[in-house]
Amino acid sequence: FCWKHEPNMDPFRHVQVSIDRRFLVYEKNGSVYRVDLKTGHEKPFLVKPNESVSGMMFSPNGQVLAIALEKKLCIQGYSMADERLLWELPLHGGPIKEFCWSRDQATLVTLSMDRCIRTYDIAMRRITTQIPLSMQEPRKLAIPPDEKAIFVLDEHGTIIRLPISLETGK
């Protein structure tokens, strides 16, 4: 199938595709829409007109979608199977720029415009680590396969390595 976005529609942002390539999600005017990539069926997923969505990311298995909501000052996790809210976490002091998940999906790592990295324990619904960054414009996060560090890329192409264990948060 071919998913067509009409040019006269409002712009959409934060497009993500699930790891199993079953779903595509995007945000438009604060609402999140889900497209089933097998059938082409598109439907509203999270309708919150004018809610400010600063980011979205699927979990590694594609079963959970994390959505950062600026006006609610939280990150919410939704089941892709039945669209129910699974958890809610406190937001940073600024909009989320980037998300990363641990392989086991127990930890969510975020980078915010407030130049801080936070790690969240999903099961406990709490922040486990907050790391202020000295770089002016951090842009991207990456977690290596051994999960013993977080890499941060800035606007000048500088990469810093922050030693941290996602298991302990230290």
Side-chain angles (χ1 to χ4, degrees), residues 12-38 41-131 138-145 147-152 162 164-170:
F12 59 95
R13 310 176 311 149
H14 307 299
V15 177
Q16 295 284 318
V17 176
S18 61
I19 193 78
D20 61 4
R21 292 181 169 75
R22 177 156 181 224
F23 297 111
L24 176 142
V25 293
Y26 67 93
E27 177 263 336
K28 183 177 77 170
N29 295 329
S31 294
V32 177
Y33 297 86
R34 177 172 97 167
V35 179
D36 185 318
L37 294 175
K38 291 183 184 197
H41 179 68
E42 178 179 20
K43 71 177 198 166
F45 180 78
L46 175 67
V47 179
K48 304 268 187 190
N50 299 315
E51 177 64 66
S52 186
V53 175
S54 64
M56 298 189 295
M57 184 173 229
F58 281 104
S59 62
N61 68 7
Q63 295 177 1
V64 176
L65 179 66
I67 303 173
L69 301 171
E70 287 181 58
K71 287 184 182 175
K72 284 194 76 178
L73 299 173
C74 69
I75 302 168
Q76 294 179 335
Y78 288 88
S79 165
M80 290 305 294
D82 58 13
E83 301 180 11
R84 70 187 157 86
L85 177 65
L86 301 172
W87 44 260
E88 189 169 291
L89 303 167
L91 194 60
H92 283 254
I96 299 292
K97 286 181 152 187
E98 191 81 8
F99 291 93
C100 284
W101 290 83
S102 61
R103 281 188 315 273
D104 65 3
Q105 302 172 137
T107 303
L108 182 66
V109 181
T110 59
L111 170 65
S112 174
M113 301 259 308
D114 66 0
R115 297 192 334 251
C116 279
I117 291 175
R118 285 186 176 174
T119 63
Y120 297 88
D121 180 316
I122 299 295
M124 299 298 291
R125 316 276 196 275
R126 66 181 180 90
I127 299 165
T128 52
T129 308
Q130 181 165 311
I131 305 167
R139 300 277 170 108
K140 297 285 183 184
L141 281 178
I143 301 170
E147 297 187 341
K148 294 188 181 193
I150 298 170
F151 290 91
V152 185
L162 302 168
I164 185 169
S165 169
L166 294 184
E167 289 179 11
T168 64
K170 298 179 181 182

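Computed from heavy atoms alone, side chains included, the values below leave out hydrogens, waters and symmetry copies. FYI, the numbering just counts along the sequence from 1.
The side-chain heavy atoms of Val17 and Phe58, taken from C-beta on, include no pair separated by under 4.5 Å. In this structure the side chain of Glu88 never reaches within 4.5 angstrom of the side chain of Arg125, judged on heavy atoms. At a threshold of 4.5 Å between non-hydrogen side-chain atoms, the residues Leu69 and Val53 count as touching. Counting only heavy atoms from C-beta outward, the side chains of Val35 and Val25 never approach each other to under 4.5 Å. Between Arg22 and Met80, the closest side-chain pair of non-hydrogen atoms is not below 4.5 Å. Within the 4.5 Å cutoff, the side chain of Val32 has no heavy atoms near those of the Arg34 side chain. Using a 4.5 Å heavy-atom cutoff, the side chains of Phe45 and Phe23 are not in contact. The closest side-chain heavy-atom distance from Ile67 to Tyr78 is below 4.5 Å.
Between Ala68 and Phe99 the shortest heavy-atom distance is CB-CZ, 3.8 Å. Shortest non-hydrogen contact noted between Trp101 and Ile143 is O-CD1, 3.9 Å. Between Arg139 and Glu98, the shortest heavy-atom distance links the atoms O-OE1, 3.8 Å. Closest non-hydrogen pair, Leu85 versus Gln76, comes out as CD1-CB, 3.6 Å.
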Q.
Evaluate Val152 against Leu141 for side chain to side chain contact (heavy atoms under 4.5 Å, CB included), listing each step before the verdict.
A. CA-CA 5 Å; Val152 185; Leu141 281 178; 4.0 Å; yes
Q.
Would Ile122 and Gln105 count as a side chain to side chain contact (heavy atoms under 4.5 Å, CB included) here? Give the steps.
A. CA-CA 8 Å; Ile122 299 295; Gln105 302 172 137; over 6 Å; no
Q) How far apart are the C-alpha atoms of Glu83 and Lys43, what are their side-chain angles, what is the distance that settles it, and do they pass the side chain to side chain contact (heavy atoms under 4.5 Å, CB included) test? A) CA-CA 11 Å; Glu83 301 180 11; Lys43 71 177 198 166; 2.7 Å; yes
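Atom CG of Leu86 is surrounded by more than 12 heavy atoms from other residues, nucleotides or ligands within 6.0 Å.
Atom-to-atom distance recorded for Leu108:CG and Thr119:OG1 is 9.0 Å, nearest 0.5 angstrom. Note: Ile96 CD1 to His14 NE2 = 11.0 Å, rounded to the nearest 0.5 Å.
In this structure, Ser18 contributes its side chain and Gly62 its backbone to no donor-acceptor pair below 3.5 Å.
Aromatic ring orientation, Tyr26 versus Tyr33: parallel (interplanar angle below 30°, classes split at 30° and 60°).
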